[in-house]
Amino acid sequence: IMKVIDAIKYLQHMGNTIIVVEHNEAFIRASDRIVEIGPWAGDFGGKVMFNGSYDDFIVQDSLTSQYINGKKKVAIEFSHRKSKVSVEIKKAHKYNLKHIDASIPLGSFTIVTWPSWAGKTTLMYTTLYRFLNEKEKFIQSYIRLALLKQWLTRQEILSAPVMKKEDYMHYENIALQAFYEDVGVETIKWYEHIDNTLYVDQTSIGKTPRSCPATFVWLFDDMRTLFAGTNDAKYLGFTSWHFSFNSSKWCCPACDGYGYKKVELQFLPDTYIPCELCKGTRYKPEINNIKRRGKSISEILNMYIKDAYVFFEDIGHIHEPLSLMMDIGLWYLKLGQPAQMLSGGESQRLKLIKHFLKSYKWHTVYFLDEPTVWLHPEDIQKLLYVIKKFLDKWDTILMIEHDEDLLQFADKVIRLDEWYLK
């Protein structure tokens, strides 16, 4: 961080003006002027809460200044059971890793840290994640190739009786050693205790405006079923399909159920504006006339999560994911907010909620790559709350991170020092 600040100072001394969006204390302290926007997120923000020097900022009583002057701290009850089993990585040497050993305790929260180019992603993703996620496929492909080299045809291989156990184990051992060499490691032990691996990044939850929080966490299917069960819908013969904005017959013909239209600008990024015909509701009037508790399905999609949380409080299977979204600090989003309007941090937190709701069988390892990027300390605390929910299920969290607020909660920190590098 200090190197980045030094580079910014150098650009400033050259006569440039630098504007940085940042929550880091070192950045804020090094700035000449601070502008804090708030008081909350999304539509509940947009006001200038402070505009002045660091000395004036540190003594005011805003949310950000309270975290910097120590009045508030990231604090959460984080106790959880820990497994006695660890995945042992021996002599990892891919790219710039210098034959390092690392132990990842299962059922725990582990952080890999150190500056850029130290090999964090290589250790976590290229070595361990790839090994866990691709091992079986690699071994099976290797065995098939070995049999083809014996001049057996593909049909002979598929129709042959089951291979003898000792022959299979022979090929499997050779294939495993080849895979170790491919991922750049001597051995990885005790991975047999892992049943699922998930890489949770900050890419968008969808590629089109049809994708939104309600569809991504499977809320929308339940909502459509509720509307199909109303008396008016039954009288008209409407099923849950009628309430889908993917239905070409009942969605708005002008925007095809997107609710927005894309405007391509020649020298600027594409932008989206509400559809002039449906005013962003996505549906034809016949669908919007069906009400449940006085609300149409388009009005519910336009609800903030905090309002939908109250509206569906007596419907458990809908209320649960809304409760998780409230807990992780996404209360300000709208259920039908288009995916391209969500930040990377918001998308990543929605992915965590979706994985938690899916409830994978047995033991799962979650890989996260710097989830605190662009997150305020208030949001980091909410992220910790959801991480603890996974740990309470005895799942494992493995994360690349530098934030001190998260490091203090880690069960183990793996620091890649300079001497690890080639």
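- Checking Ser65 against Ser62 by side-chain atom types alone, a donor-acceptor pair falls below 3.5 Å.
- Donor-acceptor pairing under 3.5 Å is recorded for the side chains of Asp43 and Tyr304.
- Of the residues Lys295, Lys334, Arg293, the one that meets the side chain to side chain contact (heavy atoms under 4.5 Å, CB included) test with Ile300 is Lys295.
- Between the side chains of Gln12 and Asp32, at least one donor-acceptor pair of N or O atoms lies under 3.5 Å.
- Both cation-pi conditions hold for Lys354 and Phe216: the charged atom is under 6.0 angstrom from the six-membered ring centre and inside a 45 degree cone around its axis.
- Cation-pi geometry between Arg210 and Tyr258 is met: under 6.0 angstrom from the ring centre, within 45 degrees of the axis.
- Taking the ring axis of Phe27 as reference, the NZ or CZ atom of Arg29 does not stay both within 45° of it and closer than 6.0 Å to the ring centre.
- Put simply, the side chain of Glu299 gets close to the backbone of Ser296: a donor and an acceptor are under 3.5 Å apart.
- For the 3.5 Å distance criterion, the side chains of His355 and Tyr366 fail to qualify, holding no donor opposite an acceptor.
- Side-chain atoms of Glu88 and Tyr191 form no donor-acceptor pair, as typed in the model, at a separation below 3.5 Å.
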Got a list of side-chain donor-acceptor pairs under 3.5 Å for residues 384-392, not counting sequence neighbours?
unit_1 : atom_1 : unit_2 : atom_2 : d
Lys388 : NZ     : Ser79  : O      : 3.4
Lys388 : NZ     : Asp392 : OD1    : 3.2
Lys388 : NZ     : Asp392 : OD2    : 3.0

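- Side-chain contact check for Glu401 and Thr113: no donor-acceptor pair (N or O, by modelled atom type) lies under 3.5 Å.
- Side-chain atoms of His23 and Thr64 form no donor-acceptor pair, as typed in the model, at a separation below 3.5 Å.
- For the pair Lys82 and Phe109, the cation does not sit on the ring face, since its NZ or CZ is not both under 6.0 Å from the ring centre and inside 45° of the axis.
- Relative to the ring axis of Phe227, Arg292 does not place its NZ or CZ within 45° and under 6.0 Å from the centre.
- Listed by first and then second residue, the side-chain hydrogen bond (donor to acceptor under 3.5 Å, both in side chains) pairs involving residues 316-326 amount to none (not counting sequence neighbours).
- For the residue pair His242 / Ser247, no side-chain donor-acceptor distance below 3.5 Å is found, with atom types taken as modelled.
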